[in-house]
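What follows is a short report on a single structure.
Being a predicted model, the structure only gives us computed values, none of them experimental.
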There are 4 protein chains.
Amino acid sequence: MSDRSASAVSSARAPRRRPGGRTARGGAAVLTATLELLAEGGYAAMTVEEVAERAGVHKTTVYRRWGSREGLVAAALAAQGSANVPVPDTGTLRDDLIAVATSVARNLESPLGRALAQTIVGQADDPQIQQVADEFWQGRFADTAEVVARAINRGELPQGSDARQLVELSVAPVWFRSVVTRRPVDAAWIRTVVDAALAVAGPQDVHTTTAQG
Amino acid sequence: MSDRSASAVSSARAPRRRPGGRTARGGAAVLTATLELLAEGGYAAMTVEEVAERAGVHKTTVYRRWGSREGLVAAALAAQGSANVPVPDTGTLRDDLIAVATSVARNLESPLGRALAQTIVGQADDPQIQQVADEFWQGRFADTAEVVARAINRGELPQGSDARQLVELSVAPVWFRSVVTRRPVDAAWIRTVVDAALAVAGPQDVHTTTAQG
Amino acid sequence: MSDRSASAVSSARAPRRRPGGRTARGGAAVLTATLELLAEGGYAAMTVEEVAERAGVHKTTVYRRWGSREGLVAAALAAQGSANVPVPDTGTLRDDLIAVATSVARNLESPLGRALAQTIVGQADDPQIQQVADEFWQGRFADTAEVVARAINRGELPQGSDARQLVELSVAPVWFRSVVTRRPVDAAWIRTVVDAALAVAGPQDVHTTTAQG
Amino acid sequence: MSDRSASAVSSARAPRRRPGGRTARGGAAVLTATLELLAEGGYAAMTVEEVAERAGVHKTTVYRRWGSREGLVAAALAAQGSANVPVPDTGTLRDDLIAVATSVARNLESPLGRALAQTIVGQADDPQIQQVADEFWQGRFADTAEVVARAINRGELPQGSDARQLVELSVAPVWFRSVVTRRPVDAAWIRTVVDAALAVAGPQDVHTTTAQG
DNA sequence: GACTAAACGAGACGGTACGTCGAGTCTTTGT
DNA sequence: ACAAAGACTCGACGTACCGTCTCGTTTAGTC
């Protein structure tokens, strides 16, 4: 459906095109440097000047193209957010959801993932950041809806099951623990979370099987 | 980010005229002003200078007592966080959890609540903020554990039920929706969330029992 | 990270109160540095940043105290302009005027004098510069009026003689040559200029007397 | 110094639409725009970009042809300076000189005249500006020398009279007042100035003779 | 009731970063 | 072959806020 280019972040540390660098190439270096700095010290530690220096570009160039610090961050976020996360296909809904939640947990454990998460939440008042965040979630939920669609096809879930709710309930506690309360997320807990989500998915039946009577 | 308004004087908060008065009163005015500014424009818009002015205090005084911007915010957060939220007692666990989650949702809908949430998440890398956040969560989970304790006493839950898990699963989706994806939280959804949490609380039977009864 | 160009030249002028220097002393060093730079390369070459560096002061300090580049220049101009030039007293009006004109010529030959002259003229549209210039001229004409007053006392000039006109006509051509057409000013020419000024000073009598005799 | 107004479009000067238009008619539009901007806000307010926009030409074109801001200004100055001012011929030297001085005064009262004067003085350190200024003065003095030549022919002045000195003494005070001290120039004062100049031109008698006749 | 130490008011300063302006250069594209 | 378009480097501007420091004054706690 949505073919987002899966271009890697390429942590290749900026080639350092110092003086004559007629970069222009697209400014990918700038976005990379931005993400790099976010990963290193979070939003507060990311300065436009440092980004420019790392990208081998002049400060004014950054401002010309991205308008402001927020614009730059938003662009970097968008670039990173559109990097498609593969949707798992294990054969069962439960394992798929566990895989999704685990993937989220892993991501939030990485410095970059954590930094982006904090930025999305902490700078949510900025309209540009907000818009990128909205698009990000829309994309993520659209992607993961496939997991649920397959489950419906397999008969694991009734026709009208709410895909978003299922995924939201599976992922929310992971974000909460990892980003809000900052406590470790382990596999067992993820399983519990997914089971809870499944418990209210569709009209009970699928999960308990016997509650129908 | 660039609003000056030198006059300010704000909402009549600070008596401003403290000729002989030994301020010291505890600096409550400073913390109040801090929260006020956080509520108004979030963490980014809160400046020590503006806080000092609103509190009718000099900037250096703020630094003398709270050390830094983060220290000040941490203190304000602590002051606000320790304001005990009443633990509900409706008679049933489900309604208690719904009440707790609803209370959280209401709080996160308020400008101040939202600002504090964003601060806690966005500035989580700062040790002082982090500590306050840790204490806050510890307190909140301790408080709400009572709800579960009562349920156990009533026989709604088996002895060894995990109070924290129950509350966490009830509250996490609310935070996620409200703070992370920024979508509205309605009562029906809260009920679903709580039901999901209850579904994995204690050995299945409790749940099914409850559902049946 | 940010390599400061080690130019620093600074002809041993600034005490270089680097780190703990709670300068405040009055910022004379800043004004001195300003004049220095003006002398070196004129108005265009004078940057606030360079001034600050030479004065061993931070850029923001300069802006705090003088508001802007123009304000700084105006202050430096005022400081320099108020340095009283001694009014000559040779015994005769003609020699006094020659002395005044010669002094002006010498000043305009110096790099600093030339730079200030060019600044006064070239930046005349700036209100701050303008005001300083006005005060400067007022002061200069007031000072030199004494020369004329003495001449009146000596009977060289009638009572109501126009001091300003006399001085103006003596000095204007010097400025014109030196600053406007940029040609050298020699003593013989100064004598001619002063004679021309004297020729129209007072109600003819002095001149006509001379012409008659 | 900080007025933006990106729209501008100015006083309908530039045709703006030069689709096939090859090689600008000779760049007159550019020089006109330059003078226009100089007249409007002086040297400081004149930017190459604004000039280019008003002339309906691209910035790079300006740089190609005039090399730099100074080169452009020099060219504009030259274009304007070479516009011959008519040399008066009233019949008497005194009236001719008064006419010349008055013409200078009128010119210096106009925004453009004032701006050019300030530029010539303020940017005198730039070699290009300097050269244009030199040529300008050479031309002006050559032109006005005719006035003196005629006076000699009429017998108003002796053969070897110094034309340049006469004109210089007549004009210098006007420049001084108008450009340096920025005070108004009135007709009576101009007469005084010219009389002073005449007083030292040739052997005194000429002046008195003229006055008597 | 005077005396001292802590805390405060006031104000400037060093320092980092922001975002902006304009000069001048270079490359691509078109005519 | 020259010009339009547009992006880029570079140096500087002026501003905001952080956190520090100094000095003088106030006030509280103690003798």
Side-chain angles (χ1 to χ4, degrees), chain A residues 17-25 27 44-50 52 56-69 71, chain B residues 1-4 18-24 27 44-50 52 56-72, chain C residues 1-2 5 17-25 27 44 46-50 52 56-71, chain D residues 1-4 18-24 44-50 52 56-65 67-70 72:
Chain A
R17 243 99 186 52
R18 290 278 59 240
R22 196 106 311 265
T23 318
R25 230 77 67 208
M46 189 227 82
T47 71
V48 174
E49 277 170 357
E50 176 76 0
V57 143
H58 205 267
K59 185 172 70 157
T60 48
T61 298
V62 175
Y63 279 108
R64 203 175 309 114
R65 295 187 51 162
W66 291 279
S68 69
R69 194 187 172 196
Chain B
M1 187 149 278
S2 64
D3 56 310
R4 217 69 327 275
R18 181 90 35 109
R22 178 93 314 241
T23 318
M46 190 227 80
T47 72
V48 175
E49 275 166 358
E50 177 77 358
V57 144
H58 200 265
K59 187 171 72 155
T60 46
T61 300
V62 175
Y63 278 107
R64 251 190 296 263
R65 293 187 53 159
W66 291 280
S68 71
R69 193 189 175 197
E70 283 75 34
L72 173 61
Chain C
M1 181 170 286
S2 57
S5 64
R17 242 100 185 53
R18 289 284 52 241
R22 195 105 312 263
T23 318
R25 229 79 67 207
M46 188 227 82
T47 71
V48 174
E49 277 170 358
E50 176 77 0
V57 144
H58 205 268
K59 185 173 70 156
T60 48
T61 298
V62 174
Y63 279 107
R64 237 189 309 263
R65 297 187 49 160
W66 291 278
S68 70
R69 194 188 172 197
E70 285 74 35
Chain D
M1 184 142 280
S2 63
D3 54 312
R4 213 73 325 278
R18 183 92 33 106
R22 200 82 321 251
T23 318
M46 189 226 82
T47 72
V48 174
E49 274 166 0
E50 177 77 357
V57 143
H58 199 265
K59 188 169 72 154
T60 47
T61 302
V62 174
Y63 279 106
R64 242 189 307 271
R65 295 188 52 162
S68 70
R69 193 189 176 200
E70 283 74 35
L72 174 61

**Message:** Between P on dC21(E) and CD on Glu50(D), what's the gap in Å once rounded to a whole number?
**Reply:** 13 Å
**Item:** Interatomic distance, Arg64(D) atom CZ to Lys59(D) atom NZ [nearest 0.5 angstrom]
**Value:** 12.0 Å
**Prompt:** Taking for each residue the nucleotide of DNA chain F bearing the nearest heavy atom, is the 5' side occupied by Thr61(A) or by Gly67(B)?
**Reply:** Thr61(A)
**Request:** Could you check Leu72(D) against Arg69(D) for side chain to side chain contact (heavy atoms under 4.5 Å, CB included), going step by step and ending with a plain yes or no?
**Result:** CA-CA 5 Å; Leu72(D) 174 61; Arg69(D) 193 189 176 200; 5.7 Å; no
**Message:** Given dG22(E), dG24(E), dA17(E), identify the nucleotide with an atom nearest to the side chain of Ser68(D).
**Reply:** dG24(E)
**Message:** Assuming nearest nucleotide by heavy-atom distance, tell me which of Tyr63(A) and His58(B) is located more 5' along DNA chain E.
**Reply:** His58(B)
**Item:** Which nucleotide in dG14(F), dC8(F), dC18(F) has an atom nearest any side-chain atom of Arg69(B)
**Value:** dC18(F)
**Nucleotide dC21(F), atom P - distance to NZ of Lys59(B) in whole Å** = 13 Å
**Message:** Nearest whole Å is fine: how far is dG14(E) C1' from Glu49(C) CD?
**Reply:** 15 Å
**Item:** Contact nearer the 5' end of DNA chain E, comparing Arg64(B) with Val48(D)
**Value:** Arg64(B)
**Message:** For a quick test of reading the model, state the closest non-hydrogen atom pair linking Ala52(A) to His58(A) and the distance between them.
**Reply:** CB-C, 4.0 Å
**Prompt:** Atom CZ of Arg65(D) to atom C1' of dA4(F): distance rounded to whole Å?
**Reply:** 15 Å
**Request:** Would you kindly check whether a donor in the side chain of Thr60(A) faces an acceptor in the base of dC10(F), or vice versa, at under 3.5 angstrom?
**Result:** yes
